[in-house]
*Asks:* 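Mind having a look at this structure? Questions to follow.
These numbers come from a predicted model, not from an experiment. Order of appearance sets the numbers: ligands from 1, and atoms from 1 within every ligand.
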Amino acid sequence: TEFVSVSELASMMNVGPTEVISACMSLGIFASINQRLDAETIQIVAEEFGFEAEFVSADVQDAIKVEEDSPEDLVDRPPIITVMGHVDHGKTSLLDYIRKAKIADGEAGGITQHIGAYSVKLDGKQLTFLDTPGHEAFTAMRARGAQVTDVAIIIVAADDDVMPQTKEAISHAQAAEVPMVFAINKIDKPGANPDKIKEQLSTMNILVEEWGGKYQCQEISAKHGKNIDELLEKVILEADLLELKANPNKNAVGTVLESSLDKGKGYVTNMLVEAGTLRIGDIILAGKHTGRVRAMLNEKGKNLDVAPPSTPISILGINGAPSAGDKFYIMNDEREARNIATRREQLYREQGLRTQKHITLDEIGRRL
Ligand code: GDP
Ligand code: MG
């Protein structure tokens, strides 16, 4: 069995994928960044970096049956988009502008609650934005082996430079093979120099289209909403190339974005349905927590009965707070769900008592 890819293992250990590649090479394994590694290799490589790899819950994997998709069940799904970039380069401003401009108009109420993601429509196309400015969300989730983004917008302020976090965002997206669209922001500012940014990108082998390269790039002002539609059109173009599809005709699977305890409502879990359809009453298992879906809300505060693929939702009914990046599954048997949750709880507790430098390959390696 192969478990995780080179890039996933690298991000779990917080090292560069090239370091893992060279560690593999020293073992005589010539691995590419997306190559999946077997248990023995993972163990040896992890050790080289001072980690102990532990493989857990094979029984859990057996209990959770992710249904196979037949081609006729696959339908188009909206792309999931993350905005990443250096601090203060305009991630929040961009997400805020899109949310206000694209949701508020035409739709009563606008956004009433933060659920970690939101959906917008442009020219009849639906887009799902992860609302947590990329970096934290993306790295936290990637560290757990979760990968929810389809397209990354890399935002760079035109009055600044390509910064360390910009580079990091680019290498995260590259490692995950997530296509990037560049947004050169703050072009309204007197000191803005978009060409300088394009030039700096070119030194990293990122050539924008205008310079004969393959990367789409849009100059914008997030603050004034300038050229945002143009940016989104480029994102749609990029997403269209991926021909994203999912099967809505099965039990939902997806990823937890965030969760919290609300005094009145109990545990509130914000999540993204990636495939299948989530329904009220479903028995859900998320990380080491479980429960029945009591209510589902979208970002407009509207109650939903069903949530198809790429829908961000907030649910009530889970008996605790799963972590960002935890996968969720629908179980047929409530008791079995509870048993698995309890077993996981024990595993995590035992692990917590052991060394900090520890990676767990629980569930990683399974694919939607
Ligand atoms: P983040 O740290 O990447 O989320 O950046 P923010 O969105 O919080 O923006 C940082 C600062 O830059 C804020 O003061 C914004 O008002 C400002 N800002 C963001 N976009 C623009 C823009 O297009 N033009 C100008 N002039 N300021 C901007
Ligand atoms: Mg911000």
Side-chain angles (χ1 to χ4, degrees), residues 80-105 110-111 113-120 122 127-143 148-174 176 178-201 204 206 208 210 215-235 257-258 260 270 272 299 312 324-325:
I80 296 154
I81 299 147
T82 308
V83 178
M84 292 197 286
H86 197 73
V87 63
D88 282 346
H89 279 199
K91 298 177 293 293
T92 305
S93 304
L94 177 61
L95 284 164
D96 283 353
Y97 180 83
I98 295 170
R99 180 175 41 214
K100 285 201 202 91
K102 299 293 157 205
I103 295 192
D105 66 37
I111 291 210
Q113 46 185 38
H114 168 83
I115 67 166
Y118 59 82
S119 298
V120 301
L122 188 81
L127 305 168
T128 301
F129 277 86
L130 289 191
D131 199 3
T132 323
H135 211 71
E136 309 93 74
F138 205 71
T139 40
M141 289 200 231
R142 275 185 53 72
V148 290
T149 310
D150 298 310
V151 179
I153 296 178
I154 310 286
I155 190 165
V156 196
D159 65 338
D160 199 2
D161 292 292
V162 169
M163 297 295 279
Q165 265 182 289
T166 319
K167 292 184 184 163
E168 208 173 302
I170 291 171
S171 57
H172 278 311
Q174 284 175 329
V178 171
M180 296 177 277
V181 174
F182 288 84
I184 301 190
N185 189 30
K186 307 198 187 183
I187 53 164
D188 59 287
K189 284 187 118 179
N193 186 354
D195 280 337
K196 185 183 72 178
I197 302 299
K198 291 173 198 168
E199 206 225 299
Q200 291 175 353
L201 289 173
M204 305 176 59
I206 306 277
V208 298
E210 194 194 331
Y215 292 97
Q216 299 196 81
C217 178
Q218 181 64 53
E219 296 176 14
I220 62 163
S221 168
K223 192 171 178 176
H224 300 290
K226 185 158 189 257
N227 294 346
I228 305 299
D229 278 3
E230 287 78 357
L231 173 67
L232 296 184
E233 272 152 25
K234 289 180 176 174
V235 169
L257 300 173
E258 53 194 27
S260 58
N270 298 336
L272 188 68
E299 70 271 18

*Asks:* Tell me which pairs pass salt bridge (Lys or Arg N to Asp or Glu O under 4.0 Å) where either residue lies in residues 216-235, with sequence neighbours left out.
*Replies:* Lys102-Asp229, Lys198-Glu219
*Asks:* Just so I know, are the side chains of Met180 and Gln174 near enough to count as touching, which here means a heavy-atom distance under 4.5 Å?
*Replies:* yes
*Asks:* Does any N or O atom in Ala222 lie less than 3.5 angstrom from one in ligand 1, N or O only?
*Replies:* yes
*Asks:* Which ligand 1 atoms are under 4.0 Å away from a heavy-atom of Ser93?
*Replies:*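 Matching atoms, with element in brackets: 6 (P), 7 (O), 9 (O), 15 (C), 19 (C), 20 (N).
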*Asks:* With sequence neighbours excluded, tell me which residues meet salt bridge (Lys or Arg N to Asp or Glu O under 4.0 Å) with Asp188.
*Replies:* none
*Asks:* To the closest 0.5 Å, what do you measure between CG (Leu130) and CD1 (Ile81)?
*Replies:* 9.0 Å
*Asks:* With respect to Lys189, determine whether any N or O atom, backbone or side chain, lies less than 3.5 Å from an N or O atom of ligand 1.
*Replies:*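 No; every N/O pair is 3.5 Å or more apart.
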*Asks:* Going by the order shown, which atoms of ligand 1 are within less than 4.0 Å of some heavy atom of Ser221?
*Replies:* 22 (C), 23 (O), 24 (N)
*Asks:* Can you name the one residue among Val181, Ile170, Val83, Val162 that meets side chain to side chain contact (heavy atoms under 4.5 Å, CB included) with Ile154?
*Replies:* Ile170
*Asks:* Compute the minimum heavy-atom distance from His86 to ligand 1 and say whether it is under 4.0 Å.
*Replies:* yes
*Asks:* Where does the angle between the aromatic ring planes of Phe182 and Tyr215 fall among parallel (under 30°), tilted (30 to 60°) and perpendicular (over 60°)?
*Replies:*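 Perpendicular: the ring planes of Phe182 and Tyr215 meet at over 60°.
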*Asks:* Which atoms of ligand 1 are found less than 4.0 Å from any heavy atom of Asp88?
*Replies:*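 Answer for ligand 1: 1 (P), 2 (O), 3 (O), 5 (O), 10 (C), 12 (O).
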*Asks:* Please determine if Ile187 has a nitrogen or oxygen closer than 3.5 Å to a nitrogen or oxygen of ligand 1.
*Replies:* no
*Asks:* Looking only at the side chains, is there a donor atom on one of Asp160 and His89 sitting less than 3.5 Å from an acceptor on the other?
*Replies:* yes
*Asks:* Is the distance between the Mg ion (ligand 2) and the nearest N/O/S atom of Thr92 smaller than 2.8 Å?
*Replies:* yes
*Asks:* Does ligand 1 have a heavy atom under 4.0 Å from the side chain of Asp188, from its backbone, from both, or from neither?
*Replies:* side chain
*Asks:* With respect to atom 11 (C) of ligand 1, which of Met84, His89, Lys186, Lys91 exhibits the smallest heavy-atom separation?
*Replies:*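 Checking each option, the heavy atom nearest atom 11 (C) of ligand 1 is found in Lys186.
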